[in-house]
Amino acid sequence: MVSIASPPIASALTLRINLSDEQFFQLCQDNSDLRFERTPLGELIIMPPTGGLTGDRNADITFQLRAWNRQTRQGKSFDSSTGFQLPNGATRSPDASWMSIERWETLTFSEQERFVPLCPDFVVELRSASDPLAPLQAKLQEYIENGARLGWLIDPKQQTVEIYRPNQVVERVQAPAQLSGESVLLDFILDLSPIF
């Protein structure tokens, strides 16, 4: 019997291209089946679709965050399709994120409808099998430097979580059963049993 290994899932592709904010927004609208990000230097990152396991895990994280937010009504929760224009010029799409209602309501309808011109208060990045760790760590650090108050880098394969907070050393936790939203997401507890 011959065993054929599955090809690895593709990793992100980075292109050096100069696009205005409007051109980048239009590119994303015209190619809604693709996921794009943009670095502070204007580099275009084309993100591949995730595999089934990562998609299922990410849906669970987004569901738990959304369920908590529906009960508390403290802010707005977002999925991985939402673009945020960070103060440093990057446009990022965390796997899951949240913003306080006070900050959300400072935005005009037009700003809410397009890429959100603020950094979320809380972000989650879920490492998939094809993701190298260093770029995700840099992305979490970028969120914190641009105003996020709490960030989680969840790595199912290693069963670790890196917790990012402003002005603190990154905390690395091995195989936690749950995570607390701390003072940013009051009373939010993420159950990691479906993830690990």
Between [Y] and [X], is there a salt bridge with N-O shorter than 4.0 Å?
{"X": "Glu182", "Y": "Arg149", "value": "no"}
{"X": "Arg35", "Y": "Asp79", "value": "no"}
{"X": "Asp21", "Y": "Arg38", "value": "yes"}
{"X": "Arg114", "Y": "Glu22", "value": "yes"}

Does any part of the side chain of [Y], heavy atoms only, come nearer than 4.5 Å to the side chain of [X], both counted from C-beta?
{"X": "Leu186", "Y": "Thr72", "value": "no"}
{"X": "Thr54", "Y": "Asp131", "value": "no"}
{"X": "Trp98", "Y": "Trp68", "value": "yes"}
{"X": "Leu190", "Y": "Val124", "value": "no"}
{"X": "Leu185", "Y": "Leu65", "value": "yes"}
{"X": "Leu107", "Y": "Pro117", "value": "yes"}
{"X": "Ile195", "Y": "Leu126", "value": "yes"}
{"X": "Glu125", "Y": "Pro94", "value": "yes"}

Donor-acceptor pair, [X] side chain versus [Y] backbone, under 3.5 Å?
{"X": "Asp95", "Y": "Asn58", "answer": "no"}
{"X": "Arg103", "Y": "Cys119", "answer": "yes"}
{"X": "Asn18", "Y": "Gly42", "answer": "no"}
{"X": "Asn31", "Y": "Leu34", "answer": "no"}
{"X": "Arg66", "Y": "Ser77", "answer": "yes"}

Indicate if [X] and [Y] have the same hydrophobic cluster label, given that clusters are the connected sets of ILVMFWY residues with side-chain heavy-atom separations under 4.5 angstrom.
{"X": "Ile144", "Y": "Leu179", "result": "no"}
{"X": "Ile163", "Y": "Ile154", "result": "yes"}
{"X": "Leu192", "Y": "Ile189", "result": "no"}
{"X": "Val161", "Y": "Val184", "result": "yes"}
{"X": "Met99", "Y": "Ile101", "result": "yes"}

[X] side, atom [atom1]; [Y] side, atom [atom2] - distance, nearest 0.5 Å:
{"X": "Thr91", "Y": "Leu44", "atom1": "OG1", "atom2": "CG", "answer": "10.0 Å"}
{"X": "Arg92", "Y": "Phe115", "atom1": "CZ", "atom2": "CZ", "answer": "13.0 Å"}
{"X": "Glu43", "Y": "Glu37", "atom1": "CD", "atom2": "CD", "answer": "12.0 Å"}
{"X": "Thr160", "Y": "Arg172", "atom1": "OG1", "atom2": "CZ", "answer": "4.0 Å"}
{"X": "Leu15", "Y": "Ile46", "atom1": "CG", "atom2": "CD1", "answer": "4.5 Å"}
{"X": "Tyr164", "Y": "Gln137", "atom1": "OH", "atom2": "CD", "answer": "4.5 Å"}

> Can you name the side chain to side chain donor-acceptor pair (under 3.5 Å) partners of Asn146, sequence neighbours left out?
Replying inline: none
>> Would Leu150 and Arg165 count as a side-chain contact (heavy atoms from CB on, under 4.5 Å) here? Give the steps.
In response: CA-CA 5 Å; Leu150 180 64; Arg165 304 174 185 96; 4.1 Å; yes
> When you check the side-chain N and O atoms of Glu142 and Asn88, is any donor under 3.5 Å from an acceptor?
Replying inline: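 Per modelled atom types, Glu142 and Asn88 side chains form a pair under 3.5 Å.
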>> Does atom NZ (Lys139) have a neighbourhood of more than 12 heavy atoms from anything else shown, all under 6.0 Å?
In response: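 More than 12 within 6.0 Å, yes.
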>> So for atom CD, which belongs to Gln174, do other residues, nucleotides or ligands contribute more than 12 heavy atoms lying within a distance under 6.0 Å?
In response: yes
> According to the interplanar angle, ranging from 0 to 90°, do the rings of Phe78 and Trp104 count as parallel (below 30°), tilted (30 to 60°) or perpendicular (above 60°)?
Replying inline: tilted
>> Go through it in stages, so that I can follow the logic: the residues are Leu140 and Val170, the test is side-chain contact (heavy atoms from CB on, under 4.5 Å), and I'd like the CA-CA distance, side-chain angles, deciding distance and then a yes or no.
In response: CA-CA 10 Å; Leu140 262 294; Val170 175; over 6 Å; no
> What pairs of residues pass the ring pair (Phe, Tyr, Trp, His ring centres under 6.0 Å) test when at least one of them lies in residues 140-160, not counting sequence neighbours?
Replying inline: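 Residue pairs passing ring pair (Phe, Tyr, Trp, His ring centres under 6.0 Å), neighbours aside: Phe122-Trp152.
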> What pairs of residues pass the side chain to side chain donor-acceptor pair (under 3.5 Å) test when at least one of them lies in residues 183-196, not counting sequence neighbours?
Replying inline: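 Every side chain to side chain donor-acceptor pair (under 3.5 Å) pair that includes a residue of residues 183-196, provided the two are not neighbours, is Asp191-Ser193.
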>> Looking at every heavy atom in both Ala96 and Thr62, which two are closest together, and how far apart are they?
In response: CB-OG1, 4.0 Å
> How far apart are the closest heavy atoms of Pro176 and Gln159, and which atoms are they?
Replying inline: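 In this case the closest contact between Pro176 and Gln159 is CD-O, 4.3 Å.
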